[in-house]
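No hydrogens, no waters, no symmetry mates; every other heavy atom, side chains included, goes into these values. So that the names make sense, note that chain A is the first sequence line, chain B the second, and so on, each numbered from 1.
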Amino acid sequence: MSTMTMAKAINAGLRAGLEQNPKTLLMGEDIGDLGGVYRVTEGLKADFGADRVMDTPLAESGIIGTAIGLALRGYRPVCEIQFDGFVFPGFNQITTQLAKMHSRSEGTLSAPVVIRIPYGGGIGSIEHHSESPEALFAHTAGLRILTPSNPQDAYWMIQQAMTCLDPVIVFEPKRRYWLKGDVDTEKPSGDPFAAHVLREGTDATIVAYGPLVPVALAAAKAAEDDGRSIEVVDLRSISPIDFDTITDSVRKTGRLIVTHEAPTFGGIGGEIAARVAERAFLSLEAPVIRVGGFHMPYPVAKVEEHYLPDIDKLMDALDRSFAY
Amino acid sequence: MDLKDLAVRAEADSSRLPEDEAGNAGRGSLDREAAPEMVQMLSPEGELLLHGPYGAYAAELGAEELRGLYRDMFTIRRFDQEATALQRQGELVMWVPMTGQEGAQIGSGRALQPQDYVFPTYREHGVALTRGLELSSLLRRFRGVSHGGWNPAEANFHLYTLVLAAQVPHAVGYAMGMARDRKMDPQLPEAATVAYFGDGASSEGDVHEAMVFAASYDAPVVFFCQNNHWAISVPTEVQSRIPLANRAKGYGFPGIRVDGNDVIAVRAVTSWALEHARSGKGPVLIEAFTYRMSAHTTADDPTKYRLSADEEAWISRDPLSRLEKHLRAAGLADDEFFEGLEADGQAMADKLREDVLGMSSPGFADAFTDVYAEAHPLIQEELEFHRRYEAGFADPEEPTE
Ligand SMILES: Cc1ncc(C[n+]2csc(CCOP(=O)(O)OP(=O)(O)O)c2C)c(N)n1
């Protein structure tokens, strides 16, 4: 057991993947000597060489496209996209090629490429550096999407992604890169596609993922003062979604709040709300409430606090739920 | 007379070429930059002129190989006709004809070695033939029974790609993998990939990005652009102000323009390019200057945009008749040979038709099977829903699956 930041945990996970499989390659912009703009790949080029930790030309479609070719040849590329808002030049390769290689070939080909994307806001940055595009990818069959919320998951999820037979996108909550936590490097945190109940409760459930998990936990703690017992579920996997864990929790608590930074409209929260309504309608004491971003481009840094779900917004949502 | 008997001429005289073949005249913008001299070895009259640096690759062709090139071109044209007929009869949902491009495809395909790997677009039926692919498997996608149709690993021929240019970076990545493999195991044979794409697709960012990557990593890849002059209804001039082969210069690797209707020249140039790439010297761009005689697809109407004078001009440069003239003049093939091809072609077409009509639809439930390689709960859930729903229609008298 050791304590490390999330960035360090991902770095250690990548290192383990590079050590275990000589065919693992890291590809991306500025990931070599610089170690990535968030230093997640720091030191890896020095230890594994420029051939395995590749500073690529500046071209997202080229990065994903050549990674697909390398994967078809038996390599295990792990691509870093520098920021969420810059994945779109590679969107075509991810959705029309990577996601479909296995099904198009009737199972004869696979391209198990891993794509790491730092995502989300709260870092006071400029346009294209704070977005949450996960729903755009979750909508495409053939992709798996993970998002760790703590160093322990970060360390293991990246390794699990590197051995998965399907392509995996790992959305890394960039504002939690410096979050410290315990990492048990001996014991994996289990099925990466399973949701985790991080806090037990009986009165309402909050489902959160990635950057908002600490916010949900803080809200649950604050709600204790109001005499409310809140269960917090860390989704962990955005595709597939572990609906069983969510519905089990709702059957127990009768109330559900889903929160994410991405716009509420068309987001993952709506999917969860609909599924829970189908599966556990009679257990619900109130409609499922979504707490997400507004239908607008991610706002400028000076006002982003009004956009991001925070403890107050979650408390307000709980009040609305309990008002039924 | 065999090619070997011919002296290799140092330089072809490009003034012998019709103006637009040299790429220096004709529609508007191509004349802003001189086209590279176009490699040509077989004149439209069937006369051989072995060309400079690539002449040696043509000189290695014996009579049997020359007849083989003709047989391939003939077979694939017959195949194309049959597939078009099948579409017209409603047996294929669509067809992408290739008549006119036989020289470019057979010539380049026959330059490949088994260990090389091809990334086609969707019109590379001739290349597929040279890879030994069962031709009927090319029709499975167009019959509507598969999104693929064959196992790419068996013939080192990747699946067709419909998103233009998306396969080009794949070819580069795969080539990078081949080079790495050989670094780890020098016993492996030298290998290269070939990325096929059209003049229209050359405008896509993916071609550009792929070329940047290929140059940066000296990837053993040959970019093979079939400039058939049209991207559906849009002429090449709208895609590029300069001759496409010249673009290679901007990336720092060789670009060659070859007469795509000259199967011998295409084979020679591609052999050179593949050797160059396999030996670690980096990528090559080949622009095969050709013409799509047929419609873009069976849904297209070329009379709306194409000039019949252009078509006439290209008919006289037909890749088959050019080689036929040479084979006959050189005494390498006689009527019996050509009649035999007719008979074989008919047998191939009959078999093709039988195969197509025999293609059964997959069950809808099969569409769930390969979405993911590992088990996925949503797939499971939706498959069960589908089964339950379908079972609701079952005749209680009939046993269900
Ligand atoms: C990304 C993309 N955009 C548009 C299309 C529709 N489309 C199919 S073929 C075609 C023209 C292609 O021309 P070219 O690359 O010259 O190849 P050719 O068909 O002439 O062999 C277009 C526009 C497509 N398949 N993919």
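In this structure, the side chain of A:Asp153 does not engage the main chain of A:Pro148 through any donor-acceptor pair within 3.5 Å. For the pair B:Trp150 (side chain) and B:Phe157 (backbone), a donor-acceptor distance under 3.5 Å is present.
Looking at B:Tyr372 and A:Cys164, their side chains never come closer than 4.5 Å, going by heavy atoms from C-beta outward.
In this structure, chain B has no heavy atom under 4.5 Å from any part of A:Ser237. Proximity to chain B (any heavy atom under 4.5 Å) is restricted, for A:Leu109, to the side chain, taken from C-beta onward. Only the side chain of A:Leu25 comes within contact range of chain B, with at least one heavy atom under 4.5 Å from a heavy atom of that chain. With a threshold of 4.5 angstrom between heavy atoms, B:Ser146 approaches chain A through its backbone and through its side chain. Contact annotation for B:Glu382: only side-chain heavy atoms (C-beta onward) come within less than 4.5 Å of a heavy atom of chain A. Contact of B:His208 with chain A is not made at all, since no heavy-atom distance falls under 4.5 Å. Neither the backbone nor the side chain of B:Ala195 comes within contact range of chain A; no heavy atom of the residue lies under 4.5 Å from a heavy atom of that chain. Neither the backbone nor the side chain of A:Lys100 comes within contact range of chain B; no heavy atoms are under 4.5 Å apart.
Minimum heavy-atom separation, A:Ser110 to A:Leu72: O-CD2, 4.0 Å. The two residues B:Ser203 and B:Gln239 have their closest heavy-atom pair at OG-OE1, 2.6 Å.
For the residue pair B:Ser108 / B:Tyr196, a side-chain donor-acceptor distance below 3.5 Å is found, with atom types taken as modelled.
The contact list for residues 166-184 of chain B toward chain A, using heavy atoms and a distance under 4.5 Å, reads B:Ala166, B:Pro169, B:His170, B:Val172, B:Gly173, B:Tyr174, B:Met176, B:Gly177, B:Met178, B:Arg180, B:Asp181, B:Lys183, B:Met184 by residue number. Within residues 48-62 of chain A, the residues that have a heavy atom under 4.5 Å from a heavy atom of chain B are A:Asp51, A:Met54, A:Asp55, A:Thr56, A:Pro57, A:Ala59, A:Glu60, A:Ser61, A:Gly62, listed by number.
Your options are B:Leu378, B:Val212, B:Val371, B:Ile379, and the one with the most heavy-atom pairs under 4.5 Å with chain A is B:Val371. Ranked by non-hydrogen atom pairs under 4.5 Å with chain A, the options B:Pro152, B:Ala153, B:Ala367 are led by B:Pro152. Between chain B and the options A:Gly65, A:Gly107, A:Ser105, heavy-atom pairs under 4.5 Å are most frequent for A:Gly65. No other option in B:Thr369, B:Val163, B:Thr161, B:Leu162 has as many heavy-atom pairs under 4.5 Å with chain A as B:Val163. For the set A:His102, A:Gln93, A:Gln97, the entry with the most heavy-atom pairs within less than 4.5 Å of chain B is A:His102. Your options are A:Pro167, A:Ala111, A:Ala67, A:Ala141, and the one with the most heavy-atom pairs under 4.5 Å with chain B is A:Ala141.
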List the steps, then state whether ring-ring contact (aromatic ring centres under 6.0 Å, His included) holds for B:His376 with B:Phe368.
CA-CA 10 Å; B:His376 190 287; B:Phe368 292 91; over 10 Å; no

Given the rule in the side chain to side chain contact (heavy atoms under 4.5 Å, CB included) test, do B:His125 and B:Leu135 qualify, once you have shown the distances and angles that lead to the verdict?
CA-CA 8 Å; B:His125 322 314; B:Leu135 288 180; 5.8 Å; no

Applying salt bridge (charged side-chain N to carboxylate O under 4.0 Å, His left out) to B:Arg278 and B:Asp116, what does each step give before you reach the verdict?
CA-CA 9 Å; B:Arg278 287 191 208 105; B:Asp116 298 325; 2.7 Å; yes

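Both tests hold for A:Arg144 against A:Phe193: distance to the six-membered ring centre under 6.0 Å, angle to the ring axis within 45°. A:Arg275 forms a cation-pi arrangement with A:Phe243, by the criterion of a distance under 6.0 Å to the ring centre and an angle within 45° of the ring axis.
The side-chain contact (heavy atoms from CB on, under 4.5 Å) with A:Ile246 is formed by just one residue from the set A:Val258, A:Val197, A:Val207; it is A:Val207. Exactly one of B:Arg123, B:Glu124, B:Glu287 qualifies for a side-chain hydrogen bond (donor to acceptor under 3.5 Å, both in side chains) with B:Gln226. That residue is B:Glu124.
Using bins of under 30°, 30° to 60° and over 60° for the plane-to-plane angle, the ring pair B:Tyr122/B:His296 lands in the perpendicular bin. Taking the six-membered ring where tryptophan is involved, the planes of A:Phe86 and A:His128 are tilted, since the angle between them lies from 30° to 60°.
Between the CE atom of A:Met27 and the CD1 atom of A:Ile63 there is a distance of 7.0 Å, given to the nearest 0.5 Å.
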